[in-house]
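The structure appears below as structure tokens.
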Amino acid sequence: MILVTGGAGFIGSNFVLDWLAGSQEAVLNLDKLTYAGNRANLAALQGDARHVFVQGDVGDSALVGRLLAEHQPRAIVHFAAESHVDRSIHGAGDFIDTNIVGTFRLLEAARAYWGGLPEKEKADFRFLHVSTDEVYGSLAPGAPAFTEQHVYEPNSPYSASKAASDHLVRAWHHTHGLPVLTTNCSNNYGPYHFPEKLIPLMITNALAGKPLPVYGDGMQVRDWLYVGDHCSAIRRVLEAGRPGQTYNVGGWNEQPNIEIVHTICTLLDEMRPREGGPSYRTQIAHVKDRPGHDRRYAIDARKIERELGWRPAETFETGIRKTVQWYLNHPDWVAQVQSGAYRDWVATQYGAAAGA
Ligand code: NAD
Ligand code: DAU
């Protein structure tokens, strides 16, 4: 089997669902179930013996050591993290604890387990670390997209914590020989995306008749990738990536935020028009910018295409349509995640009126 950490979050749950749809190999899913973790994402796996869920912390060395000894996974795919930049600005403690210390403890537990494996299993073992393009910092307009050689220049507490974890993973390979792989991916979107992030926030706020809060001028550029394509890239890297290497993953789809918001409004105008009202665009509200806001990210994904033959299957047009449709089809999931804790966050970030 494989051990997946953070498999109840947005990308992790998509990964587990896709994995078990295409393979008989079991998944041990270790997730702390923070505000971002949601067992409802995995409801389709209820009663499926191939999925073993354990609620726990990647930083709990005793627990992780026990799980590795008991289940003997052939690989670890490490998604678990605090992932929201705005939350890292309000308070970075959890980001340091999970992204840095948690990754360190997981690496140590993996090293101890791996060191005791027979030669063949030892050679085949992989530790795949799921990271982000944000570690590279911000690009000037027209500058070439991030390659794997780009200097690390993290600007937010979140990206600094992810950069630190990338360095730990690299060092555990260089010093200890642990067979690691790192992926640095651009912005994902798709089903089960927690509505604190731009795309699901815009869809759910639009449908609720709330303002669509665009930070600053809305001209910050992100490179969007459908989550299923990120999952296929991770599967491919796990299968054929060279230990010690890093692979950038992206969708060749750079767009300013305001364009993304306009696209969502246009799709909702078509798929769920406001009753007798004007376009959802009238709900757009420019608000105070994010402190230290990175202006542009763009991924050069030629290495993973050249070496491993991976390319995204979805275009942004097909992926965003599917995503809007998924949110329209899952009002119960949206209502469930917009719990008391979610309303507290919205009030903290956007003001008390927005949290009501
Ligand atoms: P998410 O916030 O939706 O999910 C994170 C999951 O990790 C949750 O289920 C949470 O309960 C779990 N978790 C948090 N702390 C934990 C701990 N200490 N022990 C065990 N589980 C813990 O995040 P996501 O958007 O799915 O991102 C997953 C990974 O992918 C992260 O490492 C993130 O940095 C990376 N990434 C995300 C994106 C993106 O656009 N969302 C892009 C590139 C890379
Ligand atoms: O690039 C990969 C990263 O993408 C991941 O590592 C992170 O885990 C993930 O959260 C995401 O980070 P971003 O900060 O780019 O995503 P977010 O959805 O928070 O914001 C996307 C853009 O939209 C960003 O420029 C900020 C802007 N934004 C966001 C929110 C929540 C707004 O304008 N208004 C908002 O309310």
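The figures here come from the full heavy-atom set of this structure, side chains too, leaving out hydrogens, waters and symmetry mates. All ligand and atom numbering here is 1-based and tracks the order in the structure. Just so it is clear, the model here is predicted, and its values are computed rather than measured.
In V85, the part holding a heavy atom less than 4.0 Å from any atom of ligand 2 is the side chain. At a heavy-atom cutoff of 4.0 Å, ligand 2 is contacted by the side chain of L201 but not by its backbone. Neither the backbone nor the side chain of H78 has any atom closer than 4.0 Å to an atom of ligand 1 (non-hydrogen atoms only). Contact annotation for N187 and ligand 2: heavy atoms of both the backbone and the side chain come within less than 4.0 Å of the ligand. The backbone and the side chain of K197 each have at least one atom closer than 4.0 Å to an atom of ligand 2 (non-hydrogen atoms only).
Although no hydrogens or angles enter the test, the distance criterion places a donor-acceptor pair under 3.5 Å between the side chain of N41 and the main chain of A8. Judged by distance alone, with hydrogens and angles left aside, the side-chain atoms of R296 form a donor-acceptor pair with the main-chain N or O of A140 at under 3.5 Å. Side-chain atoms of H330 come within 3.5 Å of backbone atoms of W326 as a donor-acceptor pair (strictly under, hydrogens ignored).
Relative to the six-membered ring of Y215, K288 misses at least one condition, a distance below 6.0 Å or an angle of at most 45° to the axis.
Checking R222, R290, R296 against atom 17 (P) of ligand 2, the nearest heavy atom belongs to R290. Ranked by closest heavy atom to atom 11 (O) of ligand 1, the top entry among N187, V58, D31, V130 is D31. For the residues Y215, Y136, F10, the heavy atom positioned nearest atom 35 (C) of ligand 2 is part of Y215. Atom 17 (C) of ligand 1 has its nearest heavy-atom neighbour, among K32, E82, R39, in K32. Looking at V54, L33, I11, T5 and measuring to atom 37 (C) of ligand 1, the nearest heavy atom belongs to I11.
Look at G7 and you'll find every heavy atom at least 4.0 Å from all atoms of ligand 1. Heavy atoms of Y158 approach ligand 1 to within less than 4.0 angstrom. Within the structure, ligand 1 lacks G59 among the residues with a heavy atom less than 4.0 angstrom away. Judged by the shortest distance from any of its heavy atoms, F194 lies outside the 4.0 Å radius around the atoms of ligand 1. For the ligand labelled ligand 2, residue K162 lies outside the 4.0 Å heavy-atom shell. Look at S13 and you'll find every heavy atom at least 4.0 Å from all atoms of ligand 1. Not a single heavy atom of Q349 sits under 4.0 Å from any atom of ligand 2.
Between the OG1 atom of T132 and the OH atom of Y158 there is a distance of 4.0 Å, given to the nearest 0.5 Å.
A salt bridge is defined here as a Lys NZ or Arg NE, NH1 or NH2 lying under 4.0 Å from an Asp or Glu carboxylate O, and R105 with E108 fails to meet this definition. Ion pairing between D124 and R74 fails under the 4.0 Å rule for side-chain N and carboxylate O. The pair E148-K303 does not meet the salt-bridge criterion, since no charged nitrogen lies less than 4.0 angstrom from a carboxylate oxygen. A salt bridge does not link R50 to E25: none of the charged nitrogens lies less than 4.0 Å from a carboxylate oxygen.
Counting protein heavy atoms only, atom 36 (O) of ligand 2 is closest to Y350 OH, 2.6 Å. The protein atom (non-hydrogen) at minimum distance from atom 23 (O) of ligand 2 is N257 ND2, 3.3 Å. Looking only at heavy atoms of the protein, atom 18 (O) of ligand 2 is closest to L198 N, 2.8 Å. When only non-hydrogen protein atoms are considered, atom 34 (N) of ligand 2 lies nearest to P213 O, 2.8 Å. Distance from atom 1 (O) of ligand 2 to its nearest protein heavy atom, with residue and atom name: D133 OD1, 2.5 Å. The nearest protein atom to atom 8 (O) of ligand 2, hydrogens excluded, is given as S83 O, 2.7 Å; this is a heavy-atom distance. For atom 25 (O) of ligand 1, the closest non-hydrogen atom of the protein is F10 CD2, 3.7 Å. In terms of protein heavy atoms, atom 13 (P) of ligand 2 is closest to E134 OE2, 3.5 Å. Nearest non-hydrogen protein atom to atom 24 (C) of ligand 2 is H293 NE2, 3.4 Å.
Annotation: Y297 is not in aromatic contact with Y136 [ring centroid separation under 6.0 Å not met]. Centroid-to-centroid, the aromatic rings of F127 and W172 stay 6.0 Å apart or farther. A ring-centre distance under 6.0 Å is found for H167 and Y152. Under the 6.0 Å cut-off for aromatic ring centres, Y35 and Y342 do not qualify, their centroids lying 6.0 Å or more apart.
Ring orientation note: the planes of W333 and Y327 are nearly perpendicular, at an angle over 60° on the 30°/60° scale.
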* To do: Might you work through the salt bridge (charged side-chain N to carboxylate O under 4.0 Å, His left out) test for R222 and E259, ending with a clear yes or no?
  => CA-CA 11 Å; R222 296 291 182 268; E259 286 299 321; over 6 Å; no
Report task. List the steps and the verdict of side chain to side chain contact (heavy atoms under 4.5 Å, CB included) for N184 and K162. Result -> CA-CA 10 Å; N184 293 91; K162 290 296 289 187; over 6 Å; no
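Applying the side-chain contact (heavy atoms from CB on, under 4.5 Å) test to R272 and every residue at least two apart in sequence or in another chain returns L207, Y280, L328.
For ligand 2, the atoms closer than 4.0 angstrom to any heavy atom of Y158 are 5 (C), 6 (O), 7 (C), 8 (O). Set against the non-hydrogen atoms of V214, the atoms of ligand 2 under 4.0 Å away are 33 (O). If you number the atoms of ligand 2 from 1 as listed, the ones under 4.0 Å from a heavy atom of T132 come out as 1 (O), 2 (C), 3 (C), 5 (C), 6 (O). Residue E196 approaches ligand 2 through these ligand atoms, each under 4.0 Å from one of its heavy atoms: 31 (C).
Just one residue in the list F95, W345, F194 forms a ring pair (Phe, Tyr, Trp, His ring centres under 6.0 Å) with H84, and that residue is W345.
The distance criterion of under 3.5 Å between nitrogen or oxygen atoms is not met by W224 with respect to ligand 2.
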